[in-house]
Number of protein chains: 2
Amino acid sequence: MLTDRQLFILQAIIDNYIQSAEPIGSRSISKSEGISYSPATIRNEMADLEELGYLEKPHSSSGRIPSEKGYRHYVDHMLLPHRLSEKEIKNVKSLFAEKVMETEEVVKQSATILSSLTSYASIVLGPEIFESKLKQIQIIPLNMRAAVAILVTDTGHVENHTVTLPESLDGSDLEKITNILNDRLEGVPLYKLQEEIYKEVAGLLKRHVSSFHDALRFTLDTLQKSKHEKVFYGGKTNLLSQPEFKDIDKVKSIFELLEQDDTVHDLLKPDQDGLVIKIGQENDYEAFEDCSIISAAYTFDGKPVGTVGIVGPTRMEYPRVIGLIQLLSDGLSDTLTNLYNNGK
Amino acid sequence: MLTDRQLFILQAIIDNYIQSAEPIGSRSISKSEGISYSPATIRNEMADLEELGYLEKPHSSSGRIPSEKGYRHYVDHMLLPHRLSEKEIKNVKSLFAEKVMETEEVVKQSATILSSLTSYASIVLGPEIFESKLKQIQIIPLNMRAAVAILVTDTGHVENHTVTLPESLDGSDLEKITNILNDRLEGVPLYKLQEEIYKEVAGLLKRHVSSFHDALRFTLDTLQKSKHEKVFYGGKTNLLSQPEFKDIDKVKSIFELLEQDDTVHDLLKPDQDGLVIKIGQENDYEAFEDCSIISAAYTFDGKPVGTVGIVGPTRMEYPRVIGLIQLLSDGLSDTLTNLYNNGK
DNA sequence: ATTTAGCACTCGTATTAAAAGAGTGCTAAC
DNA sequence: GTTAGCACTCTTTTAATACGAGTGCTAAAT
């Protein structure tokens with residue numbers, strides 16, 4: 001168990017290092033507010049803290065920097081709730097104050113705000129639409145060969161596909177199909193669509209539409225499962241300002257990873273609804289060995305549907321970032337829920 | 001006017017430099033295929049080419065590198081049509097072979113392909129929708145307070161806004177409004193919508209809907225002018241592999257510029273339908289002083305509606321990139337035109 | 001039993017000097 | 001007109017040295 005003095009010193013070192021990115025020496029700690037021991041005493045404590053694994057030295061005669069274990073302890077046990085500045089709060093709140101909002105727009109803006117308020121890169125996963133329920137289907141013919149199929153869900157999500165029209169289907173067939181689909185599929189969660197088409201729709205199509213085969217294929221095309229939810233990034237360039245990423249190869253491998261939406265989605269998928277902090281090697285990718293990732297799910301109707309996250313160096317301003325992410329994810333949850341659930 | 005020998009030497013230097021990124025010395029040119037002069041002779045020619053402004057020296061005793069004027073001359077007068085490899089052609093063609101396509105998806109994929117086939121960053125501006133004509137409007141209520149408004153254009157573009165419902169409008173009002181809009185606005189180009197609303201729609205609303213004021217405001221909200229066309233990026237990270245961008249500050253300023261969609265849009269907006277090549281300082285931004293940008297507009301119905309572009313170092317593989325960009329922009333033009341215009 | 005002053009020691013960084021190497025420009029000969 | 005030869009220039013590499021921040025340890029002070 002760490003003594004109070006050790007905790008104080010650990011805290012001082014981490015806070016300083018987060019600020020300066022330089023190894024911290026005993027002298028500077030000894031001079032810091034609230035402590036009155038000589039450098040030699042501090043040195044002894046630092047040696048102990050190193051032995052316990054909370055600190056490390058870049059080389060034998062340098063000052064100390066926090067180890068991953070040090071950061072972990074800091075984050076788990078030593079974090080004082082951080083007061084965000086008026087300006088920060090105002091900034092975030094203003095995002096949610098807008099009256100007319102596209103969900104996607106709000107989510108995208110979240111990424112932008114988050115990165116502009118930190119010097120890190122932000123990632124926001126758009127709301128998962130898998131569970132949301134079909135509200136209405138529209139099929140709008142564009143010309144003889146193509147039509148646009150539009151799906152609207154109860155969460156205001158609009159999904160559209162351009163589909164080619166089989167020659168065998170004429171305008172009245174389309175109308176019939178649309179009616180059948182709207183009649184049978186309203187309220188069905190998107191992930192069940194395919195199943196329901198076979199179960200509920202196929203029979204009706206056979207009865208009412210002449211070229212059944214084309215009609216069914218067309219229907220399946222139209223309602224094909226939509227892709228992953230979108231991933232929005234903000235301020236990747238910020239990472240280039242961090243001294244730990246002055247090595248271009250390191251940045252490159254990070255950026256390459258961040259260009260793979262699938263991987264990123266995997267990394268952040270909202271499986272928990274609390275705050276997740278991954279420090280350095282706790283991340284599963286080698287490219288992130290010098291990074292920390294802080295993320296929080298936001299919810300709709302109580303269920304986690306998306307994620308707000310920050311990627312930065314392990315030397316991250318944890319308290320502030322955590323505050324911001326919580327503010328933002330709460331805001332997103334409220335916004336979604338208010339907008340689409342209240343009117344129920 | 002340059003002699004044949006000077007042209008040959010200039011060509012050799014540029015080709016070599018594009019390959020190696022190292023200043024080229026007289027000896028290596030002298031040894032290259034197709035020339036049989038001694039290094040000393042080459043040196044004399046190189047000195048002349050330098051005096052004429054086509055070459056420059058990083059320092060007084062180094063080999064030569066092409067100047068911007070050199071590249072310009074190369075691009076304008078010396079470019080042999082480049083044969084793309086089978087693989088490249090197949091790769092691009094496969095993109096356009098798909099049957100069911102979302103315009104947006106194709107455009108996005110274009111950016112990805114373009115960057116994967118080059119070691120540069122690609123930018124693709126989505127098709128301009130300003131001129132396209134309204135096909136249909138749908139307003140779908142989600143709950144008591146919100147509705148989704150969907151605009152479909154004749155080019156298959158789908159635009160949707162979430163709008164809040166004024167309390168004074170009930171379901172039958174919405175239906176009336178939708179009918180009026182579809183009746184009066186079909187075929188109107190998007191940029192004229194606002195004008196037409198005042199001219200054609202306002203009067204009808206006044207006559208048929210009780211709370212005229214809310215209805216008009218709602219209508220305007222619904223059809224609010226949509227944002228800029230989308231900008232898709234691919235392979236920004238590629239730039240980090242280029243030796244000229246090993247300086248992190250340079251990369252940073254480039255990336256910062258590339259994060260501003262507005263600026264990028266401005267830079268590439270499809271004002272000409274030919275190929276545009278901007279070399280180094282010909283670009284208006286300081287961040288691009290070591291970059292070249294090659295772009296080509298793609299067309300719909302004969303009019304330029306979007307742009308395909310590549311950002312790389314001035315030392316760019318011009319012939320290959322030009323070939324690729326032309327292939328791709330032609331492909332996009334064909335695809336758009338076939339898909340949405342043929343059926344007319 | 002803590003704490004601290006003192007001091008030798010370590011190791012990274014900056015500085016300088018010297019050497020190596022690639023390539024040029026010029027002159028004079030071919 | 002072409003080329004061999006050579007001195008010269010300028011960058012890059014390597015080595016040697018000095019500097020300095022910070023440590024660890026010991027012995028004295030509290």
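A note on names: the letters A, B, ... follow the listed sequences, proteins ahead of strands, and every chain is numbered from 1. Just so you know, these numbers use all the heavy atoms, side chains as well, and skip hydrogens, waters and symmetry mates.
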Protein-nucleotide distance (A:H59, atom NE2; D:dG20, atom P), rounded to Å: 16 Å

Rounded to whole angstroms, how far apart are CD1 on A:I65 and P on D:dG22? 14 Å

Do the ring centers of B:Y318 and B:Y71 come within less than 6.0 Å of each other? yes

Sugar-phosphate only, base, or nothing, as touched by A:S60 at under 4.0 Å among non-hydrogen atoms: sugar-phosphate

Closest-nucleotide 5' rank along DNA chain C - winner of B:N44 and B:S61: B:S61

Would you indicate whether the side-chain heavy atoms of B:T41 and B:S38 approach each other to under 4.5 Å? yes

Residue met sooner reading DNA chain D from 5', once B:R43 and B:Y37 are mapped to nucleotides: B:Y37

Whole angstrom value for the distance that separates P of C:dG12 from CD of A:E22: 15 Å

Nearest of C:dT4, C:dT24, D:dG24 to any side-chain atom of B:M46? C:dT24

B:A47 has its side chain closest, among C:dG25, D:dG24, C:dA5, to C:dG25

Nearest whole angstrom, please: distance from the C1' of D:dC25 to the CD of A:E50. 15 Å

For atom CZ of A:R5 and atom P of C:dT4, their distance in whole Å: 8 Å

Distance check needed: C:dG6 P versus A:R27 CZ, whole Å only. 14 Å

With B:K250 as the cation and B:F245 as the aromatic partner, state whether NZ or CZ is under 6.0 Å from the six-membered ring centre and within 45° of the axis. no

When you measure from the side-chain N and O atoms of B:T41 to the phosphate of D:dT2, is any distance below 4.0 Å, counting only OP1 and OP2? no

What integer distance in Å separates B:I35:CD1 from D:dT3:P? 10 Å

Shortest non-hydrogen contact from B:P58 toward B:G63: CD-O, 3.5 Å

Short side-chain N/O contact from B:K57 to OP1 or OP2 of D:dT11, under 4.0 Å: no

